[in-house]
**Q** 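Here you go, one structure.
Worth saying up front: this structure is predicted, and the values here are computed from it rather than measured. Any value given below was found using the heavy atoms of this structure, including those in side chains, with hydrogens, waters and symmetry copies removed. Just follow the structure's listing: the first ligand is 1, and inside any ligand the first atom is 1.
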Amino acid sequence: MTRYWAARALLPDGVATGVVFDCGHDGRLTAVRPGADAAPADATALGGIVLPGLVDAHSHAFHRALRGRAGGGDFWAWRTEMYALVDRLDPERLVTLAAAAFGELVLAGVTTVHEFHYLHQPTGMDDAVCEAARRAGIRLVLLDTCYLRAGFEGESLDPVQRRFSDGDVERWATRAEKVAADNPDVTVGAAAHSVRAVDPASLGAVAAWARARDAPFHLHLSEQPAENEACLAATGRTPARLAHDHGVLGPLTTAVHCTHVTAADVALLGESGTAACLCPTTERDLADGIGPAAALAAAGCPLRVGSDSHAVADLFEEARAIEMDERLATGRRGLHPPEALLAAATAGAALRPGEPADLCAVGLDGVRPAGADPDDPVPMLMAAVTAADVTDVVVAGRHVVRNGAHAAMDVAAELRAAVTAVR
Ligand SMILES: [Zn+2]
């Protein structure tokens, strides 16, 4: 059993003071008790405001090596650069790059990452991602991604895309099951890369595989107008309608981006309880557009955020941008309450017994949050706090980040080395 004491913590009923957290050997909270004026002798004291650990609902860790590289053109030009990076990745380079990228996420308060992992060849790439998460001390949900075709017309895969493909959905399932068996400490879910890269029958099969395991299922949805146009031309349906008609929407499903969805798509996603994951810093970096987050939330979609291409690794910024981007697009303020934005960044997590012992402590003494109401800090957190204000992070009861430093890695040095190695 490990014990922490928080001067202030955000509990399900609001901010409480003097909170003792007991963490069990299974990585879950066994007790949460407010009202202790001082830290017990056997507890580690955490300052600032302690939040549930942040949840990155959409990551491609290796894209971190593309950050800050001058890029022109559109999304498809960026994709060409990304494919050139894939060409330089083997399991050894992937494990160091992904570990460093995950290390940056932990420093930013992220305790769980959903890695949308589609780079399966050569053998060893899947285990490399699992090993990277262990090195960084982050909880991993490995979304084993099915990728079978280059487009709706059955275009053949190019040499880079062949590294994503298992050939057919049966071989995808066999490999995913082996990944899960070989990495029992990892939650293995499923993903279909997109309606472009997976045919409708296989799409339904991948989602059914996840459902049978009560595991999450994700897919990229309507990130680009070109995907919508190609889907309409080939099937007469939008991507969301196609997904709906093949039974893949529902509470275990997360649709990523939803940038160019129609009003009818929003209704389908909302009625089914499908979560919508927005990745605003990547969407702006790739000139994707602004998704209708307020409409999605109003329709019934839980909102999530993802670092996606790791253009920025800061879920406070991702959540803030949901609101700010829609202000720019609509001319209206306050479409999302601060509490709703924080819920997107934590995937609705709550600090109560039985829940994961994952904590994110944010300092309130720095310049950005200065002036915050310590008893109601969420509006300030969502207005101005950044990843740099995270002081301590606990994952499954383990103190992974202390006073702003990772306990096991020099993250900046490892990022420099890993990025240089693949350039
Ligand atoms: Zn993505």
**Q** Hey, which of Val110, Asp314, Val411 is the one that makes side chain to side chain contact (heavy atoms under 4.5 Å, CB included) with Glu104?
**A**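 Between Glu104 and the candidates, side chain to side chain contact (heavy atoms under 4.5 Å, CB included) is satisfied uniquely by Val411.
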**Q** Using side chain to side chain contact (heavy atoms under 4.5 Å, CB included) as the criterion, point out the one residue from Val256, Leu203, Thr145 that pairs with Leu219.
**A**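 For Leu219, the side chain to side chain contact (heavy atoms under 4.5 Å, CB included) test succeeds with only one of Val256, Leu203, Thr145, which is Leu203.
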**Q** Rounded to 10°, how big is the angle at the Zn ion (ligand 1) from His220 NE2 to Asp308 OD1?
**A**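 About 170°, to the nearest ten degrees.
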**Q** Is Thr96 reaching over with its side chain to a backbone N or O of Arg93, donor-acceptor style, under 3.5 angstrom?
**A**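 Judged by distance alone, yes, a pair lies under 3.5 Å.
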**Q** If the cut-off is 2.8 Å, does any N/O/S atom of His58 fall short of it from the Zn ion (ligand 1)?
**A**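 Checking His58: at least one N, O or S atom is under 2.8 Å.
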**Q** Would you check if the Zn ion (ligand 1) lies under 2.8 Å from any N, O or S atom of His60?
**A**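 Of the N, O and S atoms in His60, at least one lies under 2.8 Å from the Zn ion (ligand 1), which means yes.
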**Q** Compute whether any side-chain donor of one residue and acceptor of the other, for Ser59 and Glu115, lie under 3.5 angstrom apart.
**A**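 On atom types as modelled, these side chains qualify, holding a pair under 3.5 Å.
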